[in-house]
Amino acid sequence: MDPWATKIAPTAGQKIAFAWTVYMVEDVPFTQRYLLLWVGHEPIAPVMGRNIFRRPVLQLPGLFTYAKHIVKIDGKRGLFKGLTPRLCAGAIGTLVHGKVLQNYQDMKENECTELEKIGDEPSLHRVFEETMREMIARSTATLVTHPFHVITLRCMIQFIGRETKYSGIFSSVVTIYKEEGFLGFFAGLIPRLLGDMISLWLCNMLAYVINTYALEPPSQ
């Protein structure tokens, strides 16, 4: 094998990082369009269409029509507002999440060893431990990256009022600190944490119930 090819060939981690970056870049335009719709910004008049029952109803334009509207006003760069803080939040959140999981596993090494003895058989105690571990990691990552999340949303939302004060990370940090103080970086943190925790517990408990009772293998 050519030694130079080995050095140039990307590692698995680099491939994952590249794929993650591409996903984040492509996801920003969709997030912005959804966000503007969620806050009630409807600059384009609804059109007549039909619902699933073939009845005539007024329908709001789709995401691609909304994207054309943004491009018409701000150009293609308008679709990627908030990209930089979004990438920072994703990168830092991934590192923090992995670090917390590793530290938690080190502290609970004995308990993890006992859980491994159970094997793949689902148990409520195992699900509880794994869910708690994931909740701690997610909550810590959310807490650390929430300031970037706030900046990302404000960069996108200012499209409505045609504002420009949230144009970059550093200028946004200065603006938020001057106008709202340190707590301004954590606006909306509690609802976000509660939403993540509730969805995590519901999904894991539902998966446990399905695996235990609905997909239980037949007894021999």
Side-chain angles (χ1 to χ4, degrees), residues 17-49 57-98 100 137-200:
F18 175 76
W20 173 85
T21 304
V22 172
Y23 164 76
M24 294 292 290
V25 172
E26 293 180 347
D27 182 62
V28 167
F30 290 97
T31 302
Q32 181 183 11
R33 281 170 273 172
Y34 273 120
L35 181 63
L36 294 177
L37 290 173
W38 285 338
V39 298
H41 183 58
E42 303 170 0
I44 305 176
V47 296
M48 186 61 67
V57 293
L58 287 176
Q59 298 177 340
L60 291 174
L63 293 178
F64 292 101
T65 304
Y66 216 122
K68 292 179 181 179
H69 173 73
I70 297 176
V71 172
K72 183 179 179 181
I73 296 178
D74 286 345
K76 293 182 179 180
R77 293 183 60 184
L79 296 174
F80 296 95
K81 288 184 176 180
L83 174 61
T84 302
R86 180 73 183 275
L87 290 175
C88 293
I92 297 175
T94 301
L95 293 175
V96 172
H97 182 272
V100 172
R138 284 193 186 186
S139 300
T140 305
T142 299
L143 180 64
V144 173
T145 61
H146 192 73
F148 294 101
H149 179 72
V150 171
I151 295 174
T152 299
L153 296 185
R154 296 191 181 189
C155 288
M156 295 178 178
I157 290 296
Q158 69 179 358
F159 172 82
I160 300 175
R162 310 306 303 154
E163 299 171 318
T164 58
K165 61 181 181 180
Y166 300 107
S167 57
I169 294 181
F170 297 105
S171 61
S172 299
V173 169
V174 173
T175 301
I176 294 175
Y177 185 78
K178 285 184 177 180
E179 295 182 356
E180 305 174 43
F182 181 75
L183 294 180
F185 296 105
F186 298 94
L189 175 62
I190 302 301
R192 188 182 177 199
L193 284 174
L194 289 177
D196 289 344
M197 293 179 188
I198 293 173
S199 63
L200 176 63

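Expressed to the nearest 0.5 Å, how far CD1 of Ile151 lies from OG1 of Thr175 amounts to 9.5 Å. Rounding to the nearest 0.5 Å gives a distance of 6.5 Å between OG1 of Thr164 and CD of Gln158. Tyr177 contributes atom OH, which lies 10.5 Å from atom CG of Leu183 (distance to the nearest 0.5 angstrom). Summarising the geometry, atom OG belonging to Ser172 is positioned 11.0 Å from atom CZ belonging to Phe148; distances are rounded to the nearest 0.5 Å. Rounding to the nearest 0.5 Å gives a distance of 5.0 Å between CZ of Phe159 and CD1 of Ile70. Rounded to the nearest 0.5 Å, atoms CD (Glu179) and NZ (Lys165) are 4.0 Å apart.
Closest non-hydrogen pair, Gly93 versus Ala141, comes out as O-CB, 3.6 Å. The two residues Pro46 and Leu58 have their closest heavy-atom pair at CB-CB, 4.3 Å. Of all heavy-atom pairs spanning Cys88 and Ile169, the tightest one is SG-CD1, 3.8 Å.
Contact annotation: the side chain of Ile176 approaches that of Val150 to within less than 4.5 Å [non-hydrogen atoms, C-beta and beyond]. Counting heavy atoms from C-beta outward, Phe185 and Val173 have side chains that approach closer than 4.5 Å. Contact annotation: the side chain of Ser139 never approaches that of Leu143 to less than 4.5 Å [non-hydrogen atoms, C-beta and beyond].
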Which donor-acceptor pairs under 3.5 Å do side chains of residues 186-200 form with protein atoms, sequence neighbours excluded?
unit_1, atom_1, unit_2, atom_2, d
Arg192, NH1, His146, ND1, 3.1
Ser199, OG, Gly195, O, 3.0
Ser199, OG, Asp196, O, 2.9

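Residues satisfying the side-chain hydrogen bond (donor to acceptor under 3.5 Å, both in side chains) test with Lys68, not counting sequence neighbours, are none.
Looking at Arg154 and Glu180, a side-chain N of the basic residue comes within less than 4.0 Å of a carboxylate O on the acidic one, giving a salt bridge.
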